[in-house]
*Asks:* 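Dumping the structure here so I can ask a few things about it.
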There are 2 protein chains.
Amino acid sequence: MVSTFAPQAAGDLNFLKKLNRSSILGTVRRYPGATRADIAARTQLTKATVGGVVQALLERGWLREGELQPRGGGRPGRALYLDDAHHVLLGADIGVRGLRVVACTLGGEVLLQRYVTEAPTTPEETAKRLAAMLRAMRDDPVIADRHCLGLGVTVPGPVAPEQPILRLAPNLGWVDVAFLEVLRPYLPEFDGAWLLDNEANAAAFGEFYFHDGIPPESIVYISAGSGIGSGMVTGDNFPLVPRGGQGLVGEIGHTIVQPGGLYCHCGNRGCAETLVSGWAIRASLGIADTENLEAAIAARGDDADVNAVLRRAGEALGILILNLHHTLNPAMLVLGGSLMHLGERLIEPALDYFETHQNDLLRGTQRVPIKVIHDSTFTAARGAAAQVMAKAALEA
Amino acid sequence: MVSTFAPQAAGDLNFLKKLNRSSILGTVRRYPGATRADIAARTQLTKATVGGVVQALLERGWLREGELQPRGGGRPGRALYLDDAHHVLLGADIGVRGLRVVACTLGGEVLLQRYVTEAPTTPEETAKRLAAMLRAMRDDPVIADRHCLGLGVTVPGPVAPEQPILRLAPNLGWVDVAFLEVLRPYLPEFDGAWLLDNEANAAAFGEFYFHDGIPPESIVYISAGSGIGSGMVTGDNFPLVPRGGQGLVGEIGHTIVQPGGLYCHCGNRGCAETLVSGWAIRASLGIADTENLEAAIAARGDDADVNAVLRRAGEALGILILNLHHTLNPAMLVLGGSLMHLGERLIEPALDYFETHQNDLLRGTQRVPIKVIHDSTFTAARGAAAQVMAKAALEA
DNA sequence: TCCACTTAGTTAAATCTATTAACTAAAGCA
DNA sequence: TGCTTTAGTTAATAGATTTAACTAAGTGGA
């Protein structure tokens, strides 16, 4: 399935109202400072409709008015912005090596963030721990008097397309966990939207939804950590997140880039993960699971072996990027995940490979921009918060 | 961009009406024989609304009534079907080795098809030739008195996401051709929707839209011919076709599956096309471009060299399928293109590879079904016709 | 045979949303 | 000061869906 963050396909007048409201809100998100007249021009709605909806959104704390926007020789319009003062979005990220939670505004500004480096054990224990973190954050005076629109949770594995169930998280040893249901009893007072998604999908969503300025047509986020995954988002007013028939969209770590290559834990040979991933680099350099990868590599300094391993991994990452380019062709690529901490020895070969191999099909086309997030600790959690916003905007 | 075959994101009452009409039409397409009550239940619209819209669609020749559907202990409902008698959809496919046109019904039944094996030269000449074929078909008594909803044209190369412009067709030597504009002067009397799309996208669309029974959640069509391309469709009421920022979605022939492998005409090394494609097989077996590939291979009989080449190509195709599975994760895969004429020596290794390597991530999940279209001569043209239907349904 | 019950589908009034058209507001400029 | 332009609001209008009551057409039991 694609989760579209769009209403269903048919409906009544109330549905139309929601659609238009969400569309107006989306216009302000993508064009901060737009006036009512700007919105009317973009959405094809009339000034009267826009005026009425904006009025309601101002009263409900979704929008705020800003300065006057001078217009050539006419009455200036009033700039509109997302209201960053009255609501809060919560996001949580269950990572292989820790739990992260964030609270952010409608515009994506992070108000609070917390991080514990504690590997999750069972779903039940993790839910307990996460609930404590979330409740503590919820009670923080910075956000305590804001209205909470909901909570998004991300997990390191594929989520079923139709229901919020984590299908498999090999690094956690979790299978078919309806995590929101496990978590809910610990946070009975948290209402609003509750969402569960894969970490890379959520990260991609956040980069897209909270993009500074007009978001690109589509974004693919590559999450390079213990394993390799990717998420994709496209669509304008209503972002689409393809999940696939089984939720396996973006499991690019198990695409084959070296037939007959090394064995992967998935059972195949030559998966991308055998070349670039936390575990592959550990295996190549003999770094134990218990050690911190970044620290262990830093400790070895400018070692030739290390350099070679990182360069080869980087090149494999470059191949992955190129293959994504020729399969999904996003308008923008974002690189994140814990491997980015390993620095330029890994990143540069990847970007180089893509740069030198990219543009052969459509000469003269604009190159695809790549954004590297060197520290993506809270990227997924913030993306989950973005999803809450998208969902809430439809229900507002 | 994704072309959604859905209306824009905001609108007035008229827009709502179109949305609901299209939704009702889509319900009948996916559930032939549905009654008004069934439609109301599925779309969440009221019986009154459905009744009114259905009445209008009956009068306009989009729907027809069928037999009574007995209901347990109540008044039986009247089955509804797409009306196959009053409209016609035209599709045309510009292939590297010929032109094909089809005329089909709203339900996807092919009424007429024509094929000339004549390699296209210039866009202008091709347009002239195609126009003659289309006009001749349009005048055929079988469809002459039907209302034509439009014309869809497919081309063997990426189409720009925002405008109907063929970006590049290496095998035709065409660059940046607004083919519909070239064609239009030759067919001034053809009105309705005019669409241009990539051949694989259109084929995927047709397989999805005209699927017998409820379509799968998403379909990826792999077009294996002179080159290798793929197209994807997903979405329920309003099918989505991702095109990407540059229209390069599905250019899987240039994904790298053998780093450092053979040189590809695109400039890179180890592209999938160097292993499986018409030209790669020709190169391996020394078959000239002027010869018919299928005939040349058939002529060599059960030759060990041929078998080995086809097996290797098939395995490469299997890798591609597996990689698509882990990148796009469609609910169904469809294999087509002229290479399918080469038979089981190629197809079996591909399916075998996928079968034996598929299911490692989510054990116990249903396997992804693969449909092989052994003769896909008119698949793309019919898909283009399907796109016309989807477009027209929104404007009806 | 009759009658209660169920489900399908239609109709007319009511509700609600966006539009239209006329208005006020607020700026620049001659 | 007055003209022009653009922004935004307001009241009346048009139009789509819903609601609620209705008719239609079956089954099954007494």
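Small disclaimer: the values here were computed from a predicted structure and weren't measured. By convention in this document, chain letters (A, B, ...) are assigned in the order of the sequence lines, proteins followed by strands, and residues within each chain are numbered from 1.
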*Asks:* Could you check how far CG of Asn20(A) sits from P of dA16(D), rounded to whole Å?
*Replies:*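 Taking CG of Asn20(A) and P of dA16(D), I get 15 Å after rounding.
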*Asks:* Please report the distance, rounded to the nearest Å, between CD in Glu67(B) and P in dG26(D).
*Replies:*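 Value for this atom pair: 14 Å.
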*Asks:* Between Pro76(A) and Ala48(B), which is nearer to the 5' end of DNA chain C once each is assigned its nearest nucleotide?
*Replies:*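 Nearer the 5' end of the strand: Ala48(B).
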*Asks:* Could you please name the option among dG8(D), dA16(D), dA8(C) that lies closest to any side-chain atom of Arg75(B)?
*Replies:*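 Nearest listed nucleotide: dA8(C).
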*Asks:* Name the closest nucleotide to the Ala37(A) side chain, picking from dT10(C), dT20(C), dG8(D).
*Replies:*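 Nearest to the side chain of Ala37(A) among the choices is dG8(D).
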*Asks:* So what does Lys17(B) touch, heavy atoms closer than 4.0 Å: a base, only the sugar-phosphate, or nothing?
*Replies:*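 Sugar-phosphate only.
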*Asks:* Take the angle between the ring planes of Trp62(A) and His87(A) and call it parallel below 30°, perpendicular above 60°, tilted in between.
*Replies:*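 Trp62(A) vs His87(A) ring planes: tilted.
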*Asks:* Once you measure the plane-to-plane angle for Tyr209(B) and Phe205(B), does it fall in the parallel (<30°), tilted (30-60°) or perpendicular (>60°) bin?
*Replies:*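 Parallel.
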*Asks:* Picking from dT17(D), dG8(D), dG9(C), which would you name as closest to the side chain of Thr49(B)?
*Replies:*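 Given the options dT17(D), dG8(D), dG9(C), the side chain of Thr49(B) is closest to dT17(D).
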*Asks:* Whole Å only: how far is the CD atom of Gln44(A) from the P atom of dT20(C)?
*Replies:*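 Checked: the CD to P distance equals 12 Å.
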*Asks:* Could you tell me how far apart Phe15(A) (CZ) and dG15(D) (C1') are, to the nearest whole angstrom?
*Replies:*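 Rounded to the whole Å, the gap is 17 Å.
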*Asks:* Taking atom types as modelled, find out whether Arg71(B) and Thr35(B) have a side-chain donor-acceptor pair closer than 3.5 angstrom.
*Replies:*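 Arg71(B) vs Thr35(B): donor-acceptor pair found between side chains.
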*Asks:* Do we get Arg382(A) above Phe210(A)'s six-membered ring, with its NZ or CZ under 6.0 Å from the centre and within 45° of the axis?
*Replies:*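 Cation-pi check for Arg382(A) and Phe210(A): fails.
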*Asks:* Among dT17(C), dG8(D), dT18(D), find the nucleotide with the atom closest to the side chain of Asp12(A).
*Replies:*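 Of the options given, the side chain of Asp12(A) lies nearest dT18(D).
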*Asks:* With the side chain of Arg71(A) defined as its heavy atoms from C-beta on, choose the nearest nucleotide among dT6(D), dA18(C), dT20(C).
*Replies:*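 That would be dT6(D).
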*Asks:* Please state how far atom NZ in Lys47(A) lies from atom C1' in dC23(C), giving the value in whole angstrom units.
*Replies:*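 Nearest whole value for this atom pair: 10 Å.
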*Asks:* Between dG9(C), dT19(D), dG15(D), which one does the side chain of Leu13(B) approach most closely?
*Replies:*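 The nucleotide sitting nearest to the side chain is dG15(D).
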*Asks:* Rounded to the nearest Å, what distance is computed from the CG atom of residue Leu63(A) to the P atom of nucleotide dG8(D)?
*Replies:*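 Rounded to the whole Å, the gap is 13 Å.
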*Asks:* Taking atom C1' of dT15(C) as reference, at what distance in whole Å does atom CG of Leu16(A) sit?
*Replies:*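 After rounding, the gap between these two atoms is 14 Å.
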*Asks:* Between Arg36(B) (CZ) and dT18(D) (P), how many Å, whole number?
*Replies:*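 To the nearest whole Å, that distance equals 16 Å.
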*Asks:* Go through dG9(C), dT9(D), dT17(D) for me and flag the one nearest to the Gln55(A) side chain.
*Replies:*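 Looking only at heavy atoms from C-beta outward on Gln55(A), the closest nucleotide is dT9(D).
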*Asks:* Please figure out whether Gly11(A) or Thr35(A) has its closest DNA chain D nucleotide nearer the 5' end.
*Replies:*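 Per heavy-atom nearest nucleotide, the more 5' residue is Thr35(A).
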*Asks:* Using the rule given for side chain to side chain donor-acceptor pair (under 3.5 Å), can you reason through Asn20(A) versus Ser23(A), listing the C-alpha separation, both sets of side-chain angles and the distance that settles it, and then say yes or no?
*Replies:* CA-CA 5 Å; Asn20(A) 287 344; Ser23(A) 187; 5.7 Å; no
*Asks:* Counting only side-chain heavy atoms from C-beta out, which of dG8(D), dA8(C), dA27(C) sits nearest to Leu68(A)?
*Replies:*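 The answer is dA27(C), which lies nearest to the side chain.
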*Asks:* Could you please name the option among dG8(D), dT18(D), dA18(C) that lies closest to any side-chain atom of Leu45(B)?
*Replies:*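 Nucleotide nearest to Leu45(B)'s side chain: dT18(D).
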